[in-house]
Amino acid sequence: MRQAVDSKADSSDGGGIPGFLLNLAASVATFIYTTGFLFFRIPEVILLVAFYPLQSFSAFIGYVIMKQSSLLGRASRRIFHFISLFGIVYLVDHHIPKPLPAPDASFAGKTVVITGANSGVGFETARQLAVDYGMNVVLGCRSKAKCDAAAKIINDEVASSKSPAISMKMRATPLIVDLAEFASVNSFVSQLQGMGIDILFNNAGFVPEPNMPVNQYGLDPSFTSMHLSHFLLTEELLKQNPSMRVVNTSSGTHHLCAIPFVAPDFIRRTLPLEQNPGCIDEDFLQTKIKTETDSAAYIQAKLANVMHVVEIPRHHPQSTSVAIDLGWVGTHIQPFMDGTLSPTNLGWMRSASVGVLPVLHAILSSDEELMEGLDRQWTDGGILMNVFGRSEEPFSQPWWSERVNLGKSRMLDLSLELWNASKTLIQKYSN
Ligand SMILES: NC(=O)c1ccc[n+]([C@@H]2O[C@H](COP(=O)([O-])OP(=O)(O)OC[C@H]3O[C@@H](n4cnc5c(N)ncnc54)[C@H](OP(=O)(O)O)[C@@H]3O)[C@@H](O)[C@H]2O)c1
């Protein structure tokens, strides 16, 4: 409404039709930019409001007053609007997130295995761990050429780094693993034998097309690569080091398992999801693992990444495990994220260098730091790391509701069922 009034004022102010069109174009561009911004920044904005409700409310009221104020002209109001948006970026990317630990000798020399390390989150994590913290990184990739290229970039940067953390010769080691094949995972494990793995970062993933046919095991290929192969890798490496830290890249989409249940019917119908959409339940464990992919396959795989993390310390009490609730991060996982006008270049999405912050916290924090702010009774299960690098209990947000039979206790029961089903499948197909 305000913009319509402004447009009218513009044309009657002597700008004529060109002025009116210019103003209209600016209003449309502002609207599109703001919509994109809010869509891609929604995980951070939700947490911002949850952590700082009073400050957020006051800032919003201040914003509305300034926007309505006659003190500012139209152009100044637009500038104020964009300053507000970039203010949010500054807050959620740089001011609010928990600061990373300073590099010191305790990190140098530790060894981290990373799957999907040639690109995006995996590559950026490997780069920062090796260059800033002096850690050994084993890059697990399915393409030798991409893996070698990624290792070279990191090793070159390490060689030219002046960081005090790098007091010894650190290396990124490229190794081949294709998570679509259990045999490749087993071969990867044998190559890791004797390397003293401290941390495993199960990161590789992709967004599956619906209707991808079942794979050579008769299983959903996305569930196989993103969950079952990581399950196998974790079990095998925990045999080598029972106190290994395990970090899984999950996603905010895992919450979509719960949300359609609590949403009113008319919203549920508009989502491209069925009644029991991205959830992992008895029906999924009985039949859906053995079907082609559907529109919920990615959500199911990302939910499985969290459920896996929940169970790891229950079966391997010396280990710790963390699932990452990543938010949107500008990588190569979707075609629209590449290119000059990508959501990252437009400032809508976190860049990979900022977006890996929760991963770095999950890898670098001590066990005690990971448990900060959590219910002490939650000490026997894995945890979730949010976009600000703060620990949460999985399935503790209000939408995981007993009212719709998807409360925390049910998700924990289902996590155990998933664990048992994964173990059976791995035993059947991986030998
Ligand atoms: N970016 C986001 O906004 C976002 C949000 C939430 C969660 N995530 C999660 O973050 C993780 C990393 O994704 P990304 O965003 O960094 O995307 P990315 O840049 O596409 O990286 C994905 C990596 O996984 C590898 N990969 C895929 N299938 C594989 C397989 N069968 N075997 C071995 N490696 C395989 C890819 O290898 P190739 O290069 O050979 O394809 C690539 O290195 C994924 O698990 C994803 O679900 C991302």
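Counting from 1, the numbers follow the sequence of the chain as shown. Counting starts at 1 for both ligands and their atoms, in listed order. Not measured: the values here are computed from a predicted model.
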Checklist entry - Between Asp148 and Lys152, is the closest basic N to carboxylate O distance under 4.0 Å? => result no
Checklist entry - So which pairs with a foot in residues 80-147 pass disulfide (SG to SG under 2.5 Å), sequence neighbours left out? => result Cys141-Cys147
Item to check | Under 3.5 Å donor-acceptor, Asn203 side chain and Ile114 backbone | outcome: no
Checklist entry - How are the rings of His254 and Trp400 set relative to one another: parallel (under 30°), tilted (30 to 60°) or perpendicular (over 60°)? => result parallel
Item to check | Verdict with reasoning, His316 to Glu235, per side-chain hydrogen bond (donor to acceptor under 3.5 Å, both in side chains) | outcome: CA-CA 9 Å; His316 302 281; Glu235 287 301 287; 2.9 Å; yes
Checklist entry - Tell me, which residues have any heavy atom less than 4.0 Å from some atom of ligand 1? => result Gly116, Asn118, Ser119, Gly120, Val121, Arg142, Lys146, Val177, Asp178, Leu179, Ala180, Asn203, Ala204, Gly205, Phe206, Ser225, Thr249, Ser250, Ser251, Tyr298, Lys302, Leu326, Gly327, Trp328, Val329, Thr331, His332, Ile333, Met337
Checklist entry - Quick one: does Ile426's side chain get under 4.5 Å of Phe182's, heavy atoms only? => result yes
